[in-house]
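To start, the structure under review is shown below, and the notes come after it.
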Amino acid sequence: MNNRALIESLRENRELPSQDYKTLLSTITQEERLYLAKMAREVTDRVYGKEIYLRGIIEFTNYCKNDCYYCGLRKSNDSVIRYRMTEKEILAACKMGYAIGMRTFVLQGGEDPTYDKGLLTHIIHTIKSHYPDCAITLSVGEKSKELYQEWFDAGADRFLLRHETATESHYEKLHPSCQTLANRMRCLRDLKDIGYQVGAGIMVGSPYQTIDTIVTDLQFMSDFSPEMIGIGPFIPHEKTPFKNEPIGSFDLTLTILSLVRLIHPHVLLPATTAMDTVRKNGRLEAIQAGCNVIMPNITPPRQRENYKLYNDMAELRSTHSIGIHEINDLLSSSGYQGVTSRGDYKKEIEV
Ligand code: 5AD
């Protein structure tokens, strides 16, 4: 089969033998990639129409007990000015987000145990009581099942935890030995058991990634079937061991996003900030390739400038209010519409 036939077969069957993913990933031409993107966008339109869900992201702590080799917030990076937002500051960010129409708040942070003993539970409770019409998404890393349950009971709806890679030997090259793929997977399973809408995902072009590891990731995402999948290019950070590694390929990221959409027509697929960092209006290209979520940053600028996962984050260049208006203008001038509903996963829609 040629690549176009493989793409059509994937659209039809939502899966391919691994050899066919390999062929596509390694031989797809620019023209075929556009064809793939068109198919992926058609499928997205059928499930979600032209609506793009907006989520307000609040980066509430940049303390992290982990030492991931790729991430600028790793504990060994002592040039970071560390901060923690108080409950009051987080609520103020929610208030501002709500006023501009956000109905999902994403609380994202490093792995910071300070919030584990009731503090985050209390914050979730308070946000939910002020804004019962909003969804709360957590993105705070690996915790015990009991703690995940406590946060769910307090009102959290969704949880983002990228698996980073489903290949153990690759995982070990990205993290120190105290962080294991087994525990990552345990967390993802616990989150799903509890009833969260769960997000997994990878960086494209992370060091030591190969076509084979990507195929394993596609298969994992197909089997585990997360409600959300976060994918963006790897971007080196100057204060990490991977500072001299090359940036991930923008086009390969688009290809993978479109494949994910065909594998998983209903998935909530964000056009990530990293896409805009490596290419101007990269998030729009990601939407044209099948993405249906954008996560504008509503962290106050004072804290935001200290939340750098990688070099030169796109959003550090704009203030939040310009950010959201720019995003809305860009979307509407391209035939899409930024919507501020809760934007839950739509599994009931036939495709
Ligand atoms: N480049 C791109 N993405 C990164 N992340 C962390 N560091 C980097 C980087 N240098 C991603 C990881 C993590 C998410 C919060 O951000 O995939 O799960």
Side-chain angles (χ1 to χ4, degrees), residues 55 57-77 79-80 106-112 137-143 158-167 170-171 173-176 179-181 183-185 187-188 191 198-209 213-214 217 220-221 226 228-250 252-254 256-257 260 269-279 282-283 286 293 295 297 299 304 306-316:
R55 325 291 204 191
I57 179 158
I58 304 167
E59 295 155 340
F60 69 98
T61 170
N62 69 354
Y63 280 85
C64 193
K65 71 178 181 61
N66 290 340
D67 222 10
C68 309
Y69 302 143
Y70 46 84
C71 182
L73 298 184
R74 63 199 306 267
K75 71 168 178 207
S76 299
N77 181 3
S79 56
V80 181
V106 183
L107 299 179
Q108 182 162 84
E111 283 198 23
D112 181 359
T137 303
L138 302 179
S139 176
V140 295
E142 299 179 14
K143 308 286 174 181
R158 310 182 187 132
F159 203 106
L160 309 178
L161 183 68
R162 290 191 183 173
H163 66 288
E164 314 297 356
T165 172
T167 303
H170 184 208
Y171 199 90
K173 292 195 164 103
L174 302 178
H175 306 96
Q179 291 173 248
T180 64
L181 181 60
N183 196 49
R184 197 70 152 195
M185 293 295 175
C187 290
L188 287 166
L191 290 162
V198 178
I202 60 168
M203 295 175 282
V204 174
S206 63
Y208 309 101
Q209 185 176 61
T213 66
I214 297 172
D217 290 321
F220 165 70
M221 292 188 277
M228 302 165 290
I229 294 182
I231 296 178
F234 165 76
I235 304 168
H237 184 288
E238 63 194 352
K239 293 283 164 47
T240 65
F242 290 160
K243 61 175 184 242
N244 295 322
E245 298 289 334
I247 211 161
S249 154
F250 182 82
L252 180 59
T253 310
L254 288 177
I256 294 171
L257 287 168
V260 165
L269 195 59
T272 53
T273 312
M275 293 301 271
D276 262 23
T277 307
V278 301
R279 170 123 13 130
R283 284 188 289 196
V293 175
M295 298 162 72
N297 198 326
T299 313
R304 197 185 310 174
N306 294 313
Y307 200 93
K308 291 191 194 178
L309 304 180
Y310 42 76
N311 292 339
D312 194 29
M313 283 184 76
E315 293 188 339
L316 297 171

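In each ligand, atom 1 is the first atom listed, and ligand 1 is the first ligand listed.
Remark: Arg279 pairs with Phe250, Asp251, Glu285 by the side-chain contact (heavy atoms from CB on, under 4.5 Å) rule, at least two apart or across chains. For Cys64, the side-chain contact (heavy atoms from CB on, under 4.5 Å) partners two or more places apart in sequence, or in a different chain, are Asn66, Glu111. Pro246 meets the side-chain contact (heavy atoms from CB on, under 4.5 Å) test with no other residue; sequence neighbours excluded.
Side-chain atoms of Asn77 come within 3.5 Å of backbone N or O of Gly72 as a donor-acceptor pair. In this structure, the side chain of Thr277 engages the main chain of Thr273 through a donor-acceptor pair within 3.5 Å.
A distance limit of 4.0 angstrom between heavy atoms and ligand 1 selects the residues Tyr70, Cys71, Arg162, Glu164, Met203, Pro233, Phe234, Ile235, Leu309, Tyr310.
Listed here is the closest heavy atom pair of Pro236 and Phe242: CB-O, 3.5 Å.
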